[in-house]
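Take a look at the structure below.
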Amino acid sequence: MPDIDIVTPIHPAPALPLRARLAPLLMPHRLVMAALALAALAAIVTQMNWSWLPVYLPKIGHGLLVTLVLLGSSVAAGFALALPLGAVQVTGPAPLRWLANGFCTVIRGTPLLLQLWLIYYGLGALFAQYPEIRASWLWPYLRQAWPYGFLTLTLSFAAYQGEIMRGAFAGVPRGELEAARAFGMPRLMVFRRVWFPRAVHRALPTLAGEIILQLKATPLVATITVTDLYAVITRVRQDTFLTYEPLLLLIAIYLCLSGTLTIVLRWLEGRVPSGH
Amino acid sequence: MNDATPAVEIRDLHKRFGRLEVLKGISLTARPGDVVAVIGGSGSGKSTMLRCINMLETPTAGDIAIHGEDYKMRATRDGGLEPADRKQLQRIRAQLGMVFQSFNLWPHRTVLGNVIEVPVQVMGLPRDEAVARARQVLDRVGLAAKEDAYPSQMSGGQQQRCAIARVLAVEPLAMLFDEPTSALDPELVGEVLNVIRDLASEKRTMILVTHEMGFARDVASHVVYLKDGRIEEQGPPEQIFGDPRSPHLQQFIRSIA
Ligand SMILES: Nc1ncnc2c1ncn2[C@@H]1O[C@H](COP(=O)(O)OP(=O)(O)OP(=O)(O)O)[C@@H](O)[C@H]1O
Ligand SMILES: [Mg+2]
């Protein structure tokens, strides 16, 4: 894996006078583009039918919440799984290495939709066959769809991120680990104090992109009856017979989400010190 | 143990990498206060010998004792040796400080963080005590003002001095240097050599692999010339540099000068 540039400090642009800063925006082609964008926005607001929006707003809010919770929880759980998946592939005993490698290859090599259906219909049916499970406190949850959506998304994120962590673990310069060993650190301490934090820092720059990919994967759960944002919008389209308006809103929301994620993660990245 | 106990004692050390025998029976003793300079051509086995002392490389045969304590070793299936007692290995390693050619600082920690890491984590020193000690040693190597900097924000010379401070903070029985200035820009070599010279004059035990012959001549109490995995000649620096016997050493010194 190439050495990733982890912190390139972003120097604040020197303060220019306001007119100089505005100048590039006032070039003719930019002005034309801005005018077009404004016109499009005006048309969208005035020419299209948005009367349904207030009625469905609470449902859309709920769908957004479901999407965000699914995203956050599957990213967190997937990342936690990715750490051992990556570490084991670099340093583990052969059987574990093969297992982790096989897992990542299979998950990354097959459609997420397929995994989702296999887990939902397959596992769901399997669980239903065991009276012990049906009798347990878990059953009210296992009867719902979201645990299967969460599980599938988690495994998927773990596999992609696990592959990245494998590279990140392998890419930590040997000398840094050797120094730790030379000072008498036990193996676990070398891992905890040097190898692990260094690998996580190396993996951070790609994390934003992976989370956005995960965000874009969440609508698939609508196919197993989880009412995420996408499912709500689909519902709106069926109810109102409108084609474009709900979809435009959906695009706008996803864009806002990925934009926010990018900004937050870039800020986080800048706060993490590291070397080259 | 008294003062006559060697800080480092190597007896008939052999090391092979596969079919390549790199060390062919090396015996070497460093008493407390000795500054042993190891010189020799590229590939003669200097680094390998040094790395055997703290078991970063495991010998194929031979014994190594640190302050009179032999590493406990056991035979491996492929006819080599491996450390048999992990606890002992870690305890001995914590008493040997190594300075690497490529510094090998921990880039995710500040200068201070690098220096207190081993005292706090390995030796179990309370943090404030470790910090106080770290500030002392950072002052010694001229980095007092840099304690909050990260390694990537410093020059090579500063990084290597930080690496030396990291070693000083563990108050080692012996310090091992593997070409500490070879990765440095020429104008930064002096600042690092000066720090090492200071330490040598304090009678700290050191084993120093170096290509800086003038420096070796200045600071070493004993010089060892390695050739093809054997000690071809050793003695006080005046003899090694002033009156070398072996033709190889004569040629080596001429080629460097
Ligand atoms: N891990 C290894 N695996 C295989 N061969 C090795 C290994 N480490 C060193 N060698 C070989 O052992 C020989 C001695 O290497 P060593 O690094 O000890 O030499 P050196 O005297 O330190 O040389 P230099 O002045 O270039 O640093 C070289 O031929 C080298 O290629
Ligand atoms: Mg070497």
Side-chain angles (χ1 to χ4, degrees), chain A residues 1-12 83 86-87 91 93-94 164-165 167-207 268-276, chain B residues 47 50-58 66 83 86-111 113-124 148-154 159 162-163 166-167 169-170 172-173 175-176 178 183:
Chain A
M1 198 174 97
D3 213 17
I4 301 172
D5 181 11
I6 290 162
V7 260
T8 307
I10 302 159
H11 297 292
L83 299 173
T91 175
I164 292 172
M165 287 313 299
F169 276 114
V172 174
R174 309 232 32 97
E176 295 172 21
L177 307 177
E178 205 161 65
R181 281 196 288 137
F183 278 105
M185 284 197 189
R187 265 196 273 185
L188 208 62
M189 191 188 287
V190 176
F191 183 78
R192 192 166 51 81
R193 299 293 301 177
V194 183
W195 207 21
F196 176 71
R198 287 284 286 133
V200 171
H201 289 175
R202 296 176 67 87
L204 267 189
T206 55
L207 191 59
L268 255 179
E269 228 175 79
R271 289 174 50 96
V272 174
S274 192
H276 302 283
Chain B
S47 297
L50 200 69
R51 291 162 56 82
C52 281
I53 295 175
N54 59 8
M55 293 286 154
L56 286 180
E57 301 289 359
T58 48
I66 309 299
R86 201 165 277 286
K87 283 274 168 307
Q88 184 211 32
L89 174 67
Q90 284 153 8
R91 181 167 45 77
I92 295 181
R93 275 179 170 170
Q95 302 172 336
L96 297 168
M98 187 172 231
V99 175
F100 300 85
Q101 183 174 347
S102 49
F103 328 138
N104 292 349
L105 292 172
W106 297 304
H108 56 305
R109 301 190 193 287
T110 60
V111 165
N114 268 275
V115 178
I116 66 170
E117 178 71 6
V118 180
V120 172
Q121 299 294 329
V122 179
M123 301 156 71
D148 291 324
Y150 283 92
S152 58
Q153 300 165 329
M154 302 199 299
Q159 289 187 51
C162 176
R166 177 170 72 170
V167 165
V170 306
L173 277 174
M175 301 175 72
L176 312 174
D178 192 1

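All heavy atoms count here, side chains included; hydrogens, waters and symmetry mates do not. Numbered from 1 within each chain, the chains take letters A, B, ... in sequence-line order.
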Point to revise | Shortest non-hydrogen contact between A/Ala182 and B/Asn54, atoms and distance | key: CB-ND2, 3.8 Å
Review point. Is any side-chain heavy atom of A/Phe183 less than 4.5 Å from a side-chain heavy atom of B/Leu96?
Key: no
Check your understanding: Would a 4.5 Å heavy-atom cut-off, applied to side chains only, mark A/Met189 and B/Gln121 as touching?
Key -> yes
Exercise for review: Check ring pair (Phe, Tyr, Trp, His ring centres under 6.0 Å) between B/Phe103 and all other residues, then give those that pass, not counting sequence neighbours.
Suggested key: none
Check your understanding: Quick one: what part of B/Val167 sits under 4.5 Å from any heavy atom of chain A, side chain, backbone, both or neither?
Key -> both
Exercise for review: I would like to know whether B/Met55 and A/Arg181 meet side chain to side chain contact (heavy atoms under 4.5 Å, CB included); could you show each step before the answer?
Suggested key: CA-CA 9 Å; B/Met55 293 286 154; A/Arg181 281 196 288 137; over 6 Å; no
Exercise for review: Decide yes or no for B/Arg109 and A/Arg193: does some side-chain heavy atom of the first lie under 4.5 Å from some side-chain heavy atom of the second?
Suggested key: yes
Review point. Are B/Glu117 and A/Met185 close enough, and set up right, to give a side chain to side chain contact (heavy atoms under 4.5 Å, CB included), and what steps lead you there?
Key: CA-CA 10 Å; B/Glu117 178 71 6; A/Met185 284 197 189; 3.6 Å; yes
Point to revise | Interchain contact, A/Arg174 with chain B, by part (heavy-atom threshold 4.5 Å) | key: neither
Review point. For chain A, which of B/Gln153, B/Gln95, B/Arg166, B/Met98 has the most heavy-atom pairs under 4.5 Å?
Key: B/Arg166
Check your understanding: Hey, mind stepping through A/Glu178 and B/Arg51 against side chain to side chain contact (heavy atoms under 4.5 Å, CB included) and telling me if it holds?
Key -> CA-CA 10 Å; A/Glu178 205 161 65; B/Arg51 291 162 56 82; 2.8 Å; yes
Review point. Is the number of heavy atoms from other residues, nucleotides or ligands under 6.0 Å of A/Arg187 CZ greater than 12?
Key: no
**Study point:** Heavy-atom side-chain proximity of B/Pro107 to A/Arg198 below 4.5 angstrom
**Key:** yes
Review point. Should we count CZ of B/Arg91 as having more than 12 external heavy atoms under 6.0 Å?
Key: yes
Check your understanding: Taking B/Trp106 for the side chain and A/Val194 for the main chain, is one N or O donor matched with an acceptor at less than 3.5 Å?
Key -> no
Point to revise | Region of B/Leu105 in contact with chain A, defined by heavy-atom distances below 4.5 Å | key: backbone
